[in-house]
Colleague: 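The structure is given below, and queries will be raised subsequently.
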Amino acid sequence: MKAMIFAAASAALFVSACGGGQTSNQAGGNAGASGAEITGAGSTFVYPVLSAWASDYQKQSGAKVNYQSIGSGGGISQVKAGTVDFGASDQPLSSEELAQSNLAQFPIVIGGIVPVINVTGVEAGKLRLTGPLLADIFAGKVKKWDDPAIVTINPGVKLPSAPIAVVHRSDGSGTTFNFTHYLSQVSPSWKAGPGEGKTVSWPAGVGGKGNEGVAAYVKQLPNSIGYVEYAYVLQNGMNYASLQNSAGNFVLPSAETFSNAAATADWGKAQDFNLVMTNAPGANAYPMTASVFILMPTSAKDPSRSKAALDFFRYVLNSGQEQAKKLDYVPLPAELVKQIEAYIGPRIK
Amino acid sequence: MTAHGPIVKSHSAAADRVFNLVTGGAAWLVLILLGATAASMAWGGRLAFETFGFGFITSTDWDAVGGKFGALVPIYGTIVTSIVALVIAVPVSLGIALFLTDIAPRWIRGPIGIAVELLAAIPSIIYGMWGLFIFAPFMAAHVDPWLNGTLGPLPLIGPIFTGPPIGIGMLTAGIVLGIMIIPFIAAVARDVFNAVPPPLKESAVALGSTRWEVLSRVTLPYARSAIIGAIFLGLGRALGETMAVTFVLGNAHDLSISLLMPSNSIAAAIANEFTEADAELYRSSLIALAFLLFVVTFIVLSAAKLLLLRINRAHGRTS
């Protein structure tokens with residue numbers, strides 16, 4: 001608990017420090033517009049884009065968004081406790097859990113999880129993997145790169161006869177939740193074995209701390225495979241594999257294939273947007289697509305703060321999605337934005 | 001003047017009392033904090049101890065999805081990396097200390113002594129980054145394949161040095177820890193060697209002892225328990241080290257005899273997993289881990305203090 005409070009406090013310090021810089025920047029043009037203050041906590045994955053949105057929004061409206069990136073689990077417990085105006089989580093809550101804590105939930109931005117590899121002689125995107133094969137590699141059942149299971153779907157790719165070094169996350173993470181959720185969907189043996197969760201009992205490999213830890217390990221260990229958020233693939237220029245989706249096509253991670261997954265996911269039927277997009281049905285949908293969810297109380301203690309937060313998210317849904325693209329996140333499909341607006345109107349007061 | 005005396009005296013007596021109270025309070029506060037820390041960790045970990053009982057210490061399970069937790073892997077990883085660290089740090093530190101006190105020319109003692117002390121000032125995160133980006137690739141490219149090739153085929157000790165040459169594992173973590181604790185052991189050892197009464201050494205030399213005989217028969221036996229105390233101080237530091245270890249240990253909940261395999265340590269497990277440990281039992285298990293670490297380091301450091309105390313007393317008698 002102490003560590004959590006410390007993390008929250010340091011994150012708050014950091015955010016307020018950034019916020020401070022922002023205020024002085026805009027002081028010339030928009031002096032004195034104090035505006036409301038909105039507080040939030042949770043997912044570290046959404047933090048870069050959320051802070052970009054927050055500074056844009058502050059310039060425009062004067063309202064200050066104070067976001068503490070303490071992890072999805074921490075965000076959920078803080079919004080339940082009512083200490084923040086909104087929480088952000090990589091893992092959606094079930095409708096029952098939302099009802100119990102009087103919370104509402106909606107997606108805000110999309111990202112993808114990419115299998116990254118470090119195999120000499122294999123060009124970026126040339127290696128093909130299927131979901132069950134990925135599960136077997138991470139389960140330590142497929143141990144070598146020239147295993148027949150890999151070779152048969154990769155004709156023409158020169159694979160070394162070297163053991164596969166598996167790299168996973170050592171810390172609890174929404175990325176791991178989405179990754180293991182996907183593996184559980186496509187591999188019955190993975191579902192029975194490690195299962196899905198923000199951290200699981202890994203049968204093989206080494207653990208890196210955070211996306212950056214996994215990225216560093218994969219870049220250093222020859223013949224390794226790991227999984228990181230899409231933005232880390234681009235920023236670090238990493239080698240990655242294509243993945244077979246549920247329609248049977250091998251798709252590469254890209255903004256386009258992520259939004260295909262978001263568009264073909266059946267949001268309309270998912271109550272409270274309780275939907276994990278992995279293994280989406282579209283022909284050109286990327287199978288490990290994930291979204292970040294915002295959690296808000298349905299009847300806040302202070303409705304004016306809730307309203308200020310909603311104004312911020314309406315701004316994000318309408319004008320913030322371009323900013324998301326610049327930071328290698330994927331905007332929500334227009335159809336989904338309409339559904340979200342219809343959802344929040346009557347629910348959050 | 002005589003009328004003045006008592007007033008001054010009573011004034012100073014009252015000041016003394018306040019001074020005693022304040023300093024005594026500060027000293028007691030430390031003890032109270034220590035007790036409160038131990039108690040709150042035991043209390044926080046009670047759910048894990050109740051649920052798993054003694055099995056918490058002997059089980060290798062660490063499954064957040066299934067809600068099964070056991071501390072054996074982190075305990076094992078903590079102890080093994082610390083032993084590796086000591087195997088490396090103790091001879092090097094004693095060598096540094098003996099060189100600085102008995103062998104080195106006087107002009108070189110200052111610079112080397114300061115350099116050793118500066119090692120202690122490097123933040124552990126720097127050791128971690130250095131370990132991950134420079135030392136681990138070196139181990140993977142040169143040391144691990146050599147160990148696999150030469151020591152791996154040997155009977156009995158072979159399995160200890162057989163494993164994937166990835167440069168990340170208990171051996172790498174132990175070596176980085178060893179480098180980290182060298183300054184702590186070396187600094188205490190140097191002071192202890194300096195405290196050996198010169199007449200003892202001079203007598204040995206007068207009797208015709210070689211330099212090596214003076215070291216092995218006079219200096220080392222005289223300082224023995226203080227040296228053990230210094231080693232325990234280093235061990236205490238190694239047991240609780242977090243950041244440097246988590247970068248190069250691999251953070252995998254696997255129990256393996258091989259030093260080349262990744263493992264986990266208590267401090268690294270807590271640092272990695274606490275933020276997202278949202279289940280009650282999960283969090284309690286991590287706090288229980290912290291309690292176990294506290295108990296172990298408390299015992300080690302108490303032993304160190306006792307041994308250092310003994311040499312001080314012995315030294316007091318001789319001089």
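We name chains A, B, ... by the order of the sequence lines, and we start the count at 1 in each one. This one's a predicted model, so the numbers in the text were calculated from it and none came from an experiment.
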Colleague: Between A/Ser201, A/Pro163, A/Gly208, A/Gly210, which shows the greatest number of heavy-atom pairs under 4.5 Å with chain B?
Modeller: A/Ser201
Colleague: Around B/Glu280, counting heavy atoms of other residues, nucleotides and ligands shown, do more than 12 lie under 6.0 Å from its CD?
Modeller: no
Colleague: Measure distances from B/Asp63 to the heavy atoms of chain A and classify the residue's part below 4.5 Å as side chain, backbone, both or neither.
Modeller: both
Colleague: Determine whether more than 12 heavy atoms belonging to other residues, nucleotides or ligands lie under 6.0 Å from atom CE of B/Met129.
Modeller: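 Open.
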Colleague: Between A/Gly205 and B/Ala252, what is the shortest heavy-atom contact and its length?
Modeller: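 Heavy-atom minimum between the residues: O-CB, 3.2 Å.
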Colleague: Locate the shortest heavy-atom distance separating B/Asn272 from A/Ser170; write the atom from each residue and the value.
Modeller: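 Between these two residues, the closest heavy atoms are OD1-OG, 2.9 Å.
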Colleague: Give me the atom names and distance for the closest heavy-atom approach of A/Gly207 to B/Asn251.
Modeller: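 Of all heavy-atom pairs spanning A/Gly207 and B/Asn251, the closest is O-ND2, 3.0 Å.
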Colleague: Quick check: under 4.5 Å, non-hydrogen atoms only, which of residues 216-226 of chain A neighbour chain B?
Modeller: A/Ala216, A/Tyr217, A/Gln220, A/Leu221
Colleague: Check whether B/Ala271 gets within reach of chain A through its side chain, its backbone, both or neither, counting any heavy atom under 4.5 Å.
Modeller: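 Backbone only.
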Colleague: Name the region of B/Phe247, side chain, backbone, both or neither, that has any atom closer than 4.5 Å to a heavy atom of chain A.
Modeller: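 Interface part for B/Phe247: backbone (N, CA, C, O).
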Colleague: Contact part of B/Val73 toward chain A, heavy-atom cut-off under 4.5 Å: side chain, backbone, both or neither?
Modeller: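 For B/Val73, there is no contact with chain A at all, as no heavy atom is under 4.5 Å.
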Colleague: Distance from A/Lys209 atom NZ to B/Glu273 atom CD, nearest 0.5 Å?
Modeller: 9.5 Å
Colleague: Could you work out, with side-chain contact (heavy atoms from CB on, under 4.5 Å) as the rule, every residue matching A/Pro132, not counting sequence neighbours?
Modeller: A/Thr130, A/Val186
